[in-house]
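Report on the following structure.
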Amino acid sequence: MEPPECPVCLQSFDERDAIPRVLSCGHSVCEACLAELPQRYQDTIRCPACTQLVKYPSQQGPSSLPKNIDLLRLSLQHSPSPSSSSSSDHSQIPNQRSTTNSCYYHPPFSSHELYVTWKDWILPHDAVLTDDHCIGWFSSTKGRGCFGVNRSVSLAPIVCFPPRDRSKFRFSYVAWVIKCLEGMNEGAKEELALILEASVRQGRMCRVYGLWSEGVEGPLYMVCERQRCNLLDKFGELGNGFLAVSEGGLELDKGGIFSFLMIGKGICEAVLALHLEGLVAGCLGLSCFSFDELGGICVDLNEALMLARKFVNAVSVEHKEEAMCKDCLENEVFASPEVLYELLHKRGTAPDSGHSRYPIGYGSDVWSLACVLLRLLIGNVLPWNTLEMKEENDGDSSASYACWVEKVSSVLEDKLGSEYLSLRQILCKCLDVNPGNRPDVVDVRKCIQNMLVKPQFDFLGNLEVTISRDYTGLCLVLGELCLLPKQSSNELIEHELWEKEIGGQPNVVQDGKGKSDEDFAAGLPKGMTELKDLQGHLDCISGLAVGGRYLLSSSFDKTVHVWSLQDFSHLHTFRGHENKVMALVYVDEEEPLCISGDSGGGIFIWGIAAPLRQDPLRKWYEKKDWRFSGIHSLVVSKNHSLYTGSGDRTIKAWSLKDETLICTMTGHRSVVSTLAVCDEVLYSGSWDGTVRLWSLNDHSPLTVLGEDPPAEMKSILAITVDRHLLVAAHENGCIKVWRNDVFMNSKTLHKGAIFAMSMQGKCLYTGGWDKNVNIQVDMQTLVLCFGNYKAICSTYDILFNIVYSISIEIL
């Protein structure tokens, strides 16, 4: 026979280090463990063996409790001389034990990781105001605290889904953004994350503020800082670039070249910022660069993405390459030959030419950078690259490309002369057909820097950085973000939810077995849930209960209806109440029971075992007085005691065996509207706006939560408890959350009163006057709400992942 041991530390009892002390519930715990157990309420401790709340002398400590002499004598017989090693081991136990019992573990929700990754990038719904041109600005309500009032922004669509008009299920704003992100493939999400993070680190990029949607089921936009003007707006009308007109024709002005060099240096630094973050634009234009408030040049990521999409769409159109190149040049879009041929290869029309052998990387942007600089410098004088493909050369365009580079070099030599030989040479090298022979962006910037600063001040060269030629980077033109809006706009969001016909036989009970509540919440918008309307009551439905094979419903029409969970058919009606039935509870015993309470104080107990009988098994009435307004709430504890919350501001405990009144608990200042039991604690919510906690062991008060000033008091209409978490729903549509009796947060979920609430696992279900049922996951993100009902004014329950909700019409 093993010696008796402490149920907490598993240490054998002894007379020195593990003295057994007896609690009022009858269990024994060693003195050392009792001293370490947490005390949530004054002079009360929870027995670690039976979890009951028992009285505990906090001031005197565990030594004032009686010793368990029998256990101590038995322990000494097995180990008369406990070793010192056991004592040293025992001294380490409390820290380990407190960690084990400190919290209740919840399994993670399937999309929790996705939400945590992206939640900080989701902008509030009312943070941005827009016009018809994908241009917006931050509103004064949200923008002041974040990015400034009325700051102009640009919007680039990331995901577009068509509306779903016939579905009763609709997402909340945050859940819709998460759903859009969930629909993107991993490559697209990686690209988006890289762009968002890069904009924060690099000052030469227009900042990306985050993700925003104009409404549920609307497009998801990337919101980017929009500067006052870009290079295309500023210099697009300069047909001759920075070449000045004189009597002899076009010639280079000293002031013009200085302005060009300053702007060119800023453009190089903006492209360099892209490369430092591992990004390759793939194509560039004057519209990709903007002037910031201090006159510096930065790259606009939204504009670069939109320009890349325009280029991809132009390539996807079936026409000759010559016309396509002309169209890109006319629209100020510059893409290197290897990028163009890669896109043509994806289209299936690219010939096997020399360009297709070259990799795409940072050198591709160098080609585009050179074209942007040439466009600024010489304007429309820049020759067009038509890439004429000769059939006799198997479609090779190398000859036409070399001819185009010679034309560009000739124009530069004619306009720049020998004074700016280094600039002409490096620009021509940037146009080399082989990206490996092109200089780096750093080299182009250094050339321009040397033309601006005299050699004796070449100490600025120490600021240069190097970029590995071996790393190709992420090319936006070839990435997933260029294709997402077009592809997603032609697809539905996985499944459409259709409502079953009235005569249908939904199989949600069978399909829901074995699934978690998180799986159920995630499956609602995917067509994995069927709807069924049950009609039978003649007035407002006040309560629901699920037990055995039945769904029970109570109503102001003084009846309780019984429905089958197999086919949702009506089975029976309990009649006998003379007043409105206000509350309903199911009791799972050897003989299942249904208990209902009415506004006249009547408590009726109905038998649920087949065959269902018309008359109640037992009934009795609460004592009435002038304050009395009936029973408003019911709950049953594990010891089979019935608790009623009444209009006389009291809570009464009744014995279900003989219907005797055990005790009356007072303290609330208004109607006790809701009751809940968890871990031997009774929770009561009232119209006075407070939640009171009572010990089920002796019905003594433990604590009071939510005591607000009278002007801020809002009636509590429903509460739900899950171990350490308590949630209270108020008449103004707000919920308040406590953890271990410490207030954590409040949030408005409904427009109007919340009448129904239930917490299952990590899902919180609420129903309110606004005709919606909301599902909250992890108490952080509102997953979805489904409506198109009339006002939801009753409780609901969950069984086999079925949500039973009540919709009534207020006449």
Side-chain angles (χ1 to χ4, degrees), residues 1-80 82 86-87 89-105 589 635-641 643 653 655-657 662-663 676-683 693-703 721-724 740-741:
M1 178 179 178
E2 296 183 358
E5 58 187 19
C6 173
V8 178
C9 63
L10 304 181
Q11 178 77 13
S12 298
F13 290 122
D14 58 47
E15 58 182 351
R16 185 179 62 178
D17 298 316
I19 303 173
R21 297 288 178 177
V22 183
L23 299 175
S24 60
C25 60
H27 293 99
S28 297
V29 183
C30 76
E31 185 175 315
C33 290
L34 286 175
E36 296 291 334
L37 289 178
Q39 289 183 253
R40 291 179 59 183
Y41 314 112
Q42 185 177 5
D43 297 330
T44 306
I45 197 170
R46 188 177 295 280
C47 174
C50 64
T51 70
Q52 288 188 24
L53 287 175
V54 296
K55 291 297 183 181
Y56 177 77
S58 302
Q59 296 182 353
Q60 293 84 1
S63 59
S64 62
L65 294 173
K67 291 183 182 180
N68 193 325
I69 303 300
D70 293 334
L71 280 181
L72 190 58
R73 183 183 298 112
L74 186 61
S75 299
L76 293 177
Q77 291 177 358
H78 286 82
S79 55
S86 64
S87 174
D89 293 340
H90 178 77
S91 62
Q92 302 298 324
I93 294 297
N95 289 337
Q96 301 173 5
R97 178 178 62 251
S98 61
T99 302
T100 304
N101 298 330
S102 60
C103 62
Y104 176 70
Y105 174 74
E589 292 186 336
V635 72
V636 177
S637 63
K638 292 182 179 179
N639 60 359
H640 303 295
S641 295
Y643 295 89
S655 172
L656 287 180
K657 296 181 180 180
I662 300 175
C663 71
V677 170
C678 183
D679 291 341
E680 300 300 321
V681 176
L682 173 66
Y683 297 79
L693 279 64
W694 316 81
S695 171
L696 291 184
N697 186 40
D698 57 4
H699 301 112
S700 60
L702 298 176
T703 187
V721 188
D722 184 9
R723 296 296 295 268
H724 305 292
N740 291 328
D741 305 332

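Keep in mind that what you see is a predicted model, and the values were worked out from it rather than measured. Along the sequence shown, residues carry numbers from 1. Hydrogens, waters and symmetry mates play no part in the numbers below; they use all other heavy atoms, side chains included.
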Could you tell me whether the side chain of [Y] reaches within less than 4.5 Å of the side chain of [X], counting heavy atoms only?
X: S63; Y: R21; result: yes
X: P62; Y: Y56; result: yes
X: V54; Y: I45; result: yes
X: C30; Y: C9; result: yes
X: L65; Y: P57; result: yes

Considering all heavy atoms, the nearest [X]-[Y] contact:
X: P48; Y: V29; result: CG-CG2, 3.7 Å
X: P7; Y: S28; result: CD-O, 3.4 Å
X: S12; Y: A18; result: O-CB, 3.5 Å
X: R46; Y: L37; result: O-CD1, 4.3 Å

- Task: Give me the one residue out of V677, N639, V681, L53 that meets side chain to side chain contact (heavy atoms under 4.5 Å, CB included) with L696.
- Result: V677
What distance do [X] atom [atom1] and [Y] atom [atom2] have between them, rounded to the nearest 0.5 Å?
X: S700; Y: L693; atom1: OG; atom2: CG; result: 11.0 Å
X: L10; Y: E5; atom1: CG; atom2: CD; result: 5.0 Å
X: S637; Y: Y643; atom1: OG; atom2: OH; result: 4.5 Å
X: C6; Y: H27; atom1: SG; atom2: NE2; result: 12.0 Å
X: L682; Y: L702; atom1: CG; atom2: CG; result: 9.5 Å
X: N68; Y: L23; atom1: CG; atom2: CG; result: 10.5 Å

- S695-N697 side chain donor-acceptor pair, cut-off 3.5 Å: no
- With sequence neighbours left out, the residues meeting side chain to side chain contact (heavy atoms under 4.5 Å, CB included) with C663 are A653, M665, H699
- Just by distance, do the side chain of D14 and the backbone of R16 share a donor-acceptor pair under 3.5 Å? yes
